[in-house]
Amino acid sequence: MKLPEFEYFSPRDIPSTLELLAIHGAQASLLAGGTDLLVRMRQRLAAPGVVINLKDVEELKGIEKQKDGSILIGALTTLTELLESSLIRKKYPGLHQAAEAVAAPPLQNMGTVGGNLLQETRCLYYNQTAAWRRAKPVCFKAGGETCNTVKGGKHCFATYQGDLAPMLIALSARVVLSRKGESRALPLEALYSGKGKRPHNKDADELLQGVLLPPAEKNTVCRYEKLRLRQALDYPLVGAAVCLTLSDDGKLCKSGCLVLTAAGSGPVIVDDNAMMKDAEITDAWIDALAEAAYKAAKPVPNVLTPPAYRKRMARVLTRRALNKALAR
Amino acid sequence: MTLIPITLLVNGEPYNLTVPPNKTLLEVLREDLELMGTREGCGVGACGACTVLIDNVPVRSCLTLAADVQGLSITTIEGLAEGQKLHPVQEAFVERHAIQCGYCSSGMILTAKAFLDKKKRPKKDEIKKAISGNICRCTGYTKIEDAIATAAKKMTKKSG
Ligand SMILES: Cc1cc2nc3c(=O)[nH]c(=O)nc-3n(C[C@H](O)[C@H](O)[C@H](O)COP(=O)(O)OP(=O)(O)OC[C@H]3O[C@@H](n4cnc5c(N)ncnc54)[C@H](O)[C@@H]3O)c2cc1C
Ligand code: FES
Ligand code: FES
């Protein structure tokens with residue numbers, strides 16, 4: 001099926017991108033790698049009147065160390081560029097793992113960091129062709145009044161299945177959003193509304209410029225574990241990201257964060273420095289975190305495997321991620 | 001919809017075209033340039049049949065707007081052979097019977113070619129990973145992996 005019609009712009013710098021967004025905002029879509037947007041457009045889940053191609057905005061590309069030691073990853077940096085960065089591999093190996101888990105190499109060549117964070121929520125009954133969808137009532141996400149996943153559901157339950165967000169949240173990343181005349185930075189978790197229908201707290205005229213990673217701390221260990229049926233091409237059925245900062249002797253977890261993906265309509269923060277603050281590392285502690293992940297995961301039957309299995313796997317993956325991060 | 005003039009560099013040849021912006025590279029290759037070697041499988045990024053190389057990097061042409069790739073070097077399966085002489089990856093696919101129905105082959109061969117240009121002596125796992133984004137419904141992949149390993153040997157022999 002052909003793509004729907006649109007007017008096309010290809011700005012070369014950030015100011016002209018923001019200008020175009022100020023003019024066309026609500027009816028425009030930004031096109032980065034296109035591996036999420038163009039699929040939705042083909043399936044008539046999106047039909048923006050204006051498409052603004054970002055691929056020629058060089059300022060949005062690249063990974064740069066800032067004066068204060070933090071790292072700025074431009075929104076247009078591809079996942080392959082992220083994977084090829086020795087800085088990321090050495091200092092943020094958890095992020096390297098998460099990027100490696102996305103789709104497959106050719107899609108990593110195209111997909112960008114910004115597009116990954118801003119990809120839409122997904123549902124087995126929604127991400128289908130128009131012909132397929134006609135067999136079912138129009139759902140909340142498509143502008144209707146029912147949920148095809150949860151009988152009697154009063155809102156959209158579409159699932160957030162990004163692989164990078166959980167790890168970047170666990171790493172305390174911030175994102176920089178800009179619109180004409182202003183710019184704001186917010187913790188990455190604040191970008192997610194947790195709502196299936198409109199999953200991002202971002203206005204139509206805002207551009208995601210990049211992601212800011214705090215300086216890598218010594219004694220920090222991270223790990224991402226993902227459940228999928230095939231070892232490539234598949235979105236996560238559930239995923240767990242952990243980051244821990246340990247005491248010098250490795251016996252205490254001084255601070256830490258545990259985040260799930262594909263466990264709700266946004267990334268799900270299981271623990272952020274509550275159970276993980278100044279905690280002694282024991283089997284019981286790992287079990288307790290795994291149990292907390294089990295409780296926090298709220299999968300619904302809108303991806304391939306049943307929710308009960310995915311919920312149990314949230315526990316398994318959490319334990320696995322913690323054990324691997326701690327090399328136990 | 002405003003039509004846009006573009007120049008595409010495909011297999012070393014420049015083509016001047018006027019296209020609607022919603023036309024994908026896949027559609028331009030097949031419909032405007034009549035290069036039918038690039039296939040459409042799923043049309044939504046999930047199979048790899050439409051793979052082409054852009055600056056020697058494998059991408060999905062079904063998810064690439066033709067307007068986005070102006071001035072970049074595009075290689076399709078038609079661009080691999082030199083005259084009658086097949087590219088070593090093509091030869092290896094024939095010799096090792098890595099082609100059955102052939103629908104995935106253009107994408108597989110281009111993906112393998114870009115991979116082997118970077119990796120001279122690939123391990124089996126690396127080969128598997130390199131083609132993990134390309135689906136083949138016929139061969140069971142084993143013969144494709146063998147062909148890529150054979151091609152690697154041919155290519156290192158050639159470049160010495
Ligand atoms: C077969 C297949 C398998 C996949 N598997 C996975 C997977 O396992 N894990 C996973 O996480 N993803 C997966 N994806 C989704 C996708 O490939 C990746 O998430 C990719 O990183 C998206 O980036 P993109 O640049 O292609 O996004 P695009 O499609 O270009 O953009 C996605 C959305 O973000 C918006 N956007 C993009 N950049 C900006 C910006 N700078 N500012 C504001 N808005 C912006 C766009 O308007 C659009 O709405 C898969 C896709 C396919 C086709
Ligand atoms: S046709 Fe492009 S990936 Fe299947
Ligand atoms: S040979 Fe038939 S799909 Fe691969």
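Since we're looking at a predicted model, the values are computed, not measured. Naming: A, B, ... by sequence-line order, numbering from 1 per chain.
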| Heavy atoms of other groups near B:Glu126 CD, more than 12 under 6.0 Å | yes

| message | Heavy-atom count check: over 12 atoms from other residues, nucleotides or ligands less than 6.0 Å from B:Lys128 NZ? | response | no

| field | Polar side-chain atom of B:Arg60 near backbone of A:Pro106 as donor-acceptor pair, under 3.5 Å | value | no

| field | B:Asp68 backbone acceptor or donor facing A:Asn53 side chain under 3.5 Å | value | no

| message | Distance alone, cut at 3.5 Å: any donor-acceptor contact between the side chains of A:Gln231 and B:Ser132? | response | no

| Proximal component of B:Ala67, with respect to chain A [non-hydrogen, under 4.5 Å] | both

| field | side chain to side chain donor-acceptor pair (under 3.5 Å) partners of A:Arg310, counting only residues at least two apart | value | none

| So what's closer than 4.5 Å to chain A heavy atoms on B:Thr111: side chain, backbone, both or neither? | neither

| message | Is the shortest side-chain heavy-atom distance between B:Thr2 and A:Tyr8 below 4.5 Å? | response | no

| query | Given that the side chain runs from C-beta out, which part of B:Pro58 has a heavy atom under 4.5 Å from chain A: side chain, backbone, both or neither? | reply | both

| field | Atom group of B:Ile54 that falls short of 4.5 Å from chain A, counting heavy atoms | value | neither

| So, B:Asn22 side chain and A:Leu3 main chain: donor-acceptor pair closer than 3.5 Å or not? | yes

| note | So, the part of A:Leu31 with a heavy atom under 4.5 Å from chain B: the answer is side chain

| note | Applying a strict 4.5 Å limit to non-hydrogen atoms, the region of B:Lys129 in contact with chain A is both

| Residues A:Lys2 and B:Glu40 bridged, charged N to O under 4.0 Å | no

| request: Would you mind telling me which of B:Gly45, B:Ala114, B:Gly43 has the largest number of heavy-atom pairs within less than 4.5 Å of chain A? | output: B:Gly43

| field | B:Val59 vs A:Leu107 side-chain heavy atoms within contact, under 4.5 Å | value | no

| said: Using the side chain to side chain donor-acceptor pair (under 3.5 Å) criterion, which residues pair with A:Tyr160? Sequence neighbours excluded. | reply: A:Tyr192

| said: If I measure from the heavy atoms of chain A, does B:Ile131 come under 4.5 Å with its side chain, its backbone, both, or neither? | reply: neither

| In this structure, are over 12 heavy atoms from other groups packed under 6.0 Å from B:Lys143 atom NZ? | no

| said: So that I can tick it off, tell me whether B:Lys23 and A:Glu5 are bridged by a salt bridge, with the cut-off set at under 4.0 angstrom between side-chain N and carboxylate O. | reply: no

| Which portion of A:Arg230 sits near chain B, non-hydrogen atoms under 4.5 angstrom | side chain

| field | Gap between atom CG of A:Leu38 and atom CG of B:Leu65 - 0.5 Å precision | value | 5.0 Å

| message | Only pairs of heavy atoms separated by less than 4.5 Å count here; which of A:Lys55, A:Met110, A:Met41 has the most with chain B? | response | A:Met110

